[in-house]
Amino acid sequence: SDLGRYHRLMQNKSKQTWLPVVLIAGALAIWGGLLALGAFWAPIDEAASSDHRKLLVVAATTGLFLLLWGLVLWIHAAKVKRKTQHQDRKQVSQDT
């Protein structure tokens, strides 16, 4: 049916939309990890370079950034899904 074909098309389109987001989030996570290691291994002086708090602060802020963006994207995806479902129900009711 046309509705089934439409849903398959939207699922494929959704996968294509999420792939770049996942790649960007992965790249940001790697960048944050490298930044945290750089802060940990910074050659300022012997005592400061071995301070684990620097690594934890950078890792935590990068993780929080990614978590917040993930939450925003999840909320947006839920809104889009609700809107699409509402439009589908409206279309089905108009067809009958």
Side-chain angles (χ1 to χ4, degrees):
S1 74
D2 288 335
L3 191 58
R5 192 176 314 124
Y6 172 77
H7 283 293
R8 283 191 300 276
L9 177 64
M10 291 309 291
Q11 286 174 344
N12 287 339
K13 193 172 186 178
S14 176
K15 288 177 186 174
Q16 291 172 357
T17 302
W18 281 103
L19 180 62
V21 172
V22 169
L23 291 175
I24 290 169
L28 284 171
I30 291 169
W31 173 79
L34 292 174
L35 190 62
L37 286 174
F40 179 68
W41 288 328
I44 296 169
D45 65 6
E46 201 63 35
S49 65
S50 62
D51 188 359
H52 289 72
R53 291 176 296 179
K54 291 191 298 184
L55 183 134
L56 292 175
V57 167
V58 174
T61 54
T62 302
L64 182 62
F65 174 79
L66 289 171
L67 182 67
L68 288 174
W69 267 108
L71 181 63
V72 168
L73 291 171
W74 180 69
I75 290 170
H76 177 70
K79 267 188 191 179
V80 169
K81 185 177 180 179
R82 278 194 310 271
K83 185 177 179 182
T84 303
Q85 288 173 346
H86 176 70
Q87 289 173 347
D88 288 348
R89 278 189 241 119
K90 191 176 176 180
Q91 182 66 34
V92 169
S93 67
Q94 288 177 355
D95 291 344
T96 57

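Under the 4.5 Å side-chain contact rule for hydrophobic residues, L37 and I30 do not share a cluster. Both V72 and I24 are part of a single hydrophobic cluster, where members link through side-chain heavy atoms under 4.5 Å apart.
A pairwise comparison of heavy atoms in A36 and A59 identifies CB-N, 4.1 Å as the closest pair.
Between the CG atom in L66 and the OG1 atom in T61 there is a gap of 10.0 Å [rounded to 0.5 Å].
Within the 4.5 Å cutoff, side-chain heavy atoms of T62 are placed close to those of V58.
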